[in-house]
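Reviewing the structure listed below.
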Amino acid sequence: MIRPYEASDKEAVLSIWRDANALAHPFLSPELVVQAETMIRDTFLDMAETWISAPAGTPAGFISLLGAEVGGLFIRPAWQGRGLGRVLLDKACASRPRLELDVFAENTRAQRFYRRYGFTEARRQVNPFFGHAEIRMILDPR
């Protein structure tokens, strides 16, 4: 089940983000993680179009979109590998002809997932907030 984000989902989304972020980005300092969570909670969730995956009625993953930008795709670790990420990307692709995202260079698991989905690398840069290398990936099915 995929449904639109509602304001009452904020704590569930932040919980998913915390759990998935800890697994995917163990190289981020605790201070930066707290700052990022604050930005997500206070700014980005209110700006983004967010979809929730709740296969058992409880939120297990989400995708947040800012135009054609995937601002975040996070799946609770216990639900990873079950196709939720693919379903959420399918939802995003249904309304957008092109998608872009940034993935940390150290997060090789996510890179493999996005490449299998069809994303290609466009460039590499250092994320100015986190100070870690990231890869800009693009999905342009035309």
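As a basis for the values below, the full set of heavy atoms in this structure was taken, side chains included, without hydrogen atoms, waters or symmetry mates.
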Determine, using the 4.5 Å side-chain heavy-atom cutoff (strictly less than), whether [X] and [Y] are members of one ILVMFWY cluster.
X	Y	value
Trp51	Met47	no
Leu101	Phe62	no
Leu73	Leu23	no
Phe130	Val33	yes
Met39	Leu66	yes

Looking only at non-hydrogen atoms, find the nearest pair between [X] and [Y] and report the distance.
X	Y	result
Leu99	Ala92	CD1-CB, 4.0 Å
Leu45	Ser64	CD2-OG, 4.1 Å
Ala24	Asn107	CB-ND2, 3.5 Å
Leu89	Phe113	CD1-CE2, 3.6 Å
Ala20	Phe74	CB-CD2, 3.7 Å

Heavy-atom donor-acceptor pair, [X] side chain to [Y] backbone, under 3.5 Å:
X	Y	result
Arg96	Gly67	yes
Gln111	Ala105	yes
Thr38	Val34	yes

Rounded to the nearest 0.5 Å, what's the gap from [atom1] on [X] to [atom2] on [Y]? Could you check?
X	Y	atom1	atom2	value
Leu88	Cys93	CG	SG	11.0 Å
Glu37	Ser15	CD	OG	9.0 Å
Arg41	Glu11	CZ	CD	9.0 Å
Leu65	Ile63	CG	CD1	5.0 Å
Met137	Arg115	CE	CZ	4.0 Å
Ile2	Asp90	CD1	CG	7.5 Å

Beyond-backbone contact of [X] with [Y], side-chain heavy atoms, under 4.5 angstrom:
X	Y	answer
Leu84	Pro55	yes
Tyr114	Ile135	no
Asp102	Asn127	no
Arg18	Ile16	no
Lys10	Asp46	yes

Exercise. Please state whether the rings of Phe27 and His132 are parallel, tilted or perpendicular, taking 30° and 60° as the class boundaries.
Key: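 Answer is tilted, since the angle falls between 30° and 60°.
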Practice problem: Over 60° means perpendicular and under 30° means parallel, so classify the ring planes of Tyr117 and Phe119, tilted if in between. | Solution: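 The arrangement is tilted - the two ring planes meet at 30° to 60°.
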Practice problem: Check each of Gln125, Glu100, Glu121 against Arg136 using the side chain to side chain donor-acceptor pair (under 3.5 Å) test, and report the only one that passes. | Solution: Glu100
Quiz item: Are Arg76 and Trp79 in a cation-pi contact, defined as NZ or CZ under 6.0 Å from the six-membered ring centre and within 45° of the axis?
Solution: no
